[in-house]
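The analysis underlying the following values was restricted to heavy atoms, covering all of them including side chains, and did not include hydrogens, waters or symmetry mates.
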Amino acid sequence: MKTKFLIILLFLMCISPILAQEDVSNEDSAAITETGTEPSLVYILNIDGAIGAVTADRVIEAVELVEDEGADLLLITMDTPGGFNESMWSITKAIMNSSVPVAVYVSPSGAKAASAGVYITYAAHIAAMAPGSNIGAAHVVSMGGEMDSIMTEKVMNDAVASLKAMAERHGRNAEWAEEAARQSVSITSKDALDLHVIDFIADDVDDLLKKADGFEVNMVFGKKTVHTANPTKIPIKKTFIQSLLEIISSPNIVFILFSLGGMGLVLELYNPGAILPGVVGGICIILALYGMRTLPINYAGVLLILFSIILFVLEIKIVSHGLLTIGGVISIIIGGMMLVDNADPELRVSRSIIYTVAIVVGLFVILAFTLAYRARVAKPTTGVEGLVGTTGVVKTRIEKTGYVYLAGELWEASAEEIIEEGEEIVVVAVDNLKMKVRKKV
């Protein structure tokens with residue numbers, strides 16, 4: 001009897017984990033049935049501002065991240081006036097070759113996808129816009145200097161072909177894409193939906209994810225149905241380094257850093273040993289050089305800015321009555337205007353920044369020159385040379401030579417006249433610690 005009881009007990013102990021597992025599975029199935037779908041994983045990346053090298057790096061890293069994590073969607077929210085061609089092509093290639101669907105959402109209301117933003121939107125597997133946003137003006141701008149008509153036509157045809165290829169792949173309006181590139185046309189989100197430039201309009205991110213769920217997209221490996229129901233949304237935030245690099249990659253910041261760095265070196269040359277101006281100037285120039293690495297730089301502009309710094313240094317060393325300063329100010333203004341090779345005004349150094357920096361630097365050099373000139377012509381106030389013009393009292397009668405009491409000390413003195421003890425004298429010269437004096441009138 002006891003043996004049978006033990007056998008039954010062992011049997012129940014063996015099957016209890018199986019029963020428990022079945023219960024858990026049933027509970028999981030019930031949970032899925034309640035929500036209707038399994039949870040999805042969505043990463044969200046925000047692009048705000050001009051498209052540059054840092055933005056391209058962030059998008060490429062985000063694509064690699066969602067692929068490694070096996071995410072269901074990478075959502076890029078975007079508001080951009082455009083950007084640089086090299087960075088734009090890096091982004092479009094990363095998106096088009098991603099194994100995870102990528103959605104581009106032009107938002108919030110009032111946002112725009114201009115110039116490079118059009119290409120990025122067309123490259124996305126899902127394109128959406130917020131109400132009141134706009135897209136367009138994808139005309140190719142000059143990169144790396146002026147282009148003749150033949151080269152301009154070649155670049156334009158290449159850009160249009162790329163846009164058409166992306167449009168055909170995702171079933172979007174290729175004709176409008178060509179108009180956006182050749183004629184710089186822009187349209188609202190409503191018109192974009194009517195013309196089938198985008199896939200849908202979404203009020204916010206949640207609305208976009210609802211509309212994207214079940215959407216069929218063309219991937220590199222074929223068609224795929226997007227799954228975004230019951231999403232877990234994970235924002236991809238900028239690191240501190242990325243934020244810093246994004247700031248110093250701005251054409252305006254590069255120009256300011258380069259100019260400040262030059263002024264720091266000028267200060268160090270004006271006052272050797274000050275250390276701080278030299279250190280700060282060196283840091284500014286290094287940061288500016290990194291920023292230049294991410295921009296299409298015209299090195300004629302760089303040389304003009306360097307030439308302006310040389311002129312400012314010479315102004316302190318040479319009396320030119322302001323001519324060198326004027327030349328330096330003109331040189332820094334022209335250099336700033338030529339610094340970035342891009343015909344789009346929004347991607348070049350702001351003229352207001354250029355004029356402000358030129359005026360500030362010019363005033364600084366004038367102040368430094370004034371201080372240097374005053375120091376050069378000022379009467380010595382220290383050492384024995386500083387005693388010239390001071391008064392004292394004769395301690396022993398001066399007949400050719402004698403002694404005077406001056407500045408709290410006794411000095412040997414000579415005079416071209418006889419001066420009696422107790423009379424006041426004035427120092428007229430110092431020769432090898434011997435005072436040449438005369439009677440005080």
Sidechain-backbone polar pair: [X] side chain, [Y] backbone, donor-acceptor under 3.5 Å:
| X | Y | value |
| --- | --- | --- |
| Ser87 | Ala53 | yes |
| Ser331 | Gly328 | no |
| Thr80 | Gly117 | no |
| Glu268 | Ile275 | yes |
| Thr356 | Ser352 | yes |
| Ser98 | Ala94 | no |
| Asp191 | Ile187 | no |
| Thr228 | Asp213 | yes |
| Ser133 | Ala130 | yes |

Listed once per pair and sorted, the ring pair (Phe, Tyr, Trp, His ring centres under 6.0 Å) pairs that draw on residues 52-83, sequence neighbours left out: none
Could you list all the ring pair (Phe, Tyr, Trp, His ring centres under 6.0 Å) pairs where at least one residue sits in residues 164-196, not counting sequence neighbours? His125-His170
Please tell me if the side chains of [X] and [Y] come closer than 4.5 Å, counting only heavy atoms from C-beta onward.
| X | Y | answer |
| --- | --- | --- |
| Val437 | Val428 | no |
| Val357 | Tyr355 | no |
| Ile309 | Leu265 | no |
| Leu311 | Thr325 | no |
| Met88 | Phe84 | no |
| Ile236 | Ile44 | no |
| Ile47 | Asp79 | no |
| Val63 | Leu74 | yes |

Can you measure from [atom1] ([X]) to [atom2] ([Y]) and round to the nearest 0.5 angstrom?
| X | Y | atom1 | atom2 | result |
| --- | --- | --- | --- | --- |
| Leu163 | Thr92 | CG | OG1 | 9.5 Å |
| Ser107 | Asp204 | OG | CG | 9.0 Å |
| Glu38 | Asp72 | CD | CG | 9.5 Å |
| Glu175 | Leu195 | CD | CG | 10.0 Å |
| Leu65 | Leu45 | CG | CG | 10.0 Å |
| Thr188 | Met129 | OG1 | CE | 7.0 Å |

Tell me whether the count of non-hydrogen atoms from other residues, nucleotides or ligands lying under 6.0 Å of [atom1] in [X] goes above 12.
| X | atom1 | value |
| --- | --- | --- |
| Tyr290 | OH | yes |
| Lys164 | NZ | no |
| Phe221 | CZ | yes |

CA sep, side-chain torsions, deciding dist, call: Tyr105, Leu75, side-chain contact (heavy atoms from CB on, under 4.5 Å): CA-CA 7 Å; Tyr105 179 37; Leu75 173 57; 3.9 Å; yes
At their closest point, which heavy atom of [X] faces which heavy atom of [Y], and how far apart are they?
| X | Y | answer |
| --- | --- | --- |
| Ile285 | Gly261 | CG1-CA, 3.7 Å |
| Lys211 | Ala202 | NZ-CA, 4.3 Å |
| Ile354 | Met337 | CD1-N, 3.5 Å |
| Val160 | Ala181 | CG2-CB, 3.8 Å |
| Asn173 | Tyr122 | O-OH, 2.7 Å |
| Pro131 | Ser189 | CA-OG, 3.7 Å |

For a side chain to side chain contact (heavy atoms under 4.5 Å, CB included) with Pro251, tell me which candidate from Val349, Ile297, Ile256, Ile353 qualifies. Val349
Hey, mind stepping through Thr390 and Val426 against side-chain contact (heavy atoms from CB on, under 4.5 Å) and telling me if it holds? CA-CA 6 Å; Thr390 59; Val426 176; over 6 Å; no
Candidate list Glu168, Arg169, Lys223, test side-chain hydrogen bond (donor to acceptor under 3.5 Å, both in side chains), partner Asn218, passing option: Lys223
Go through it in stages, so that I can follow the logic: the residues are Lys112 and Val106, the test is side-chain contact (heavy atoms from CB on, under 4.5 Å), and I'd like the CA-CA distance, side-chain angles, deciding distance and then a yes or no. CA-CA 6 Å; Lys112 62 181 175 180; Val106 182; 5.6 Å; no
Judged by modelled atom types alone, do [X] and [Y] share a side-chain donor-acceptor pair under 3.5 Å?
| X | Y | result |
| --- | --- | --- |
| Asn46 | Arg58 | no |
| Asn252 | Ser350 | no |
| Glu67 | Ser99 | yes |

Do Trp89 and Tyr119 have ring centres separated by under 6.0 Å? yes
Are any of the side-chain nitrogens in Lys233 or Asp206 under 4.0 Å away from the carboxylate oxygens of its partner? yes
Could you go step by step and tell me if Phe258 and Leu339 meet the side-chain contact (heavy atoms from CB on, under 4.5 Å) rule? CA-CA 11 Å; Phe258 199 53; Leu339 186 62; 5.8 Å; no
For Lys238, side chain to side chain donor-acceptor pair (under 3.5 Å) partners two or more places apart: Glu246
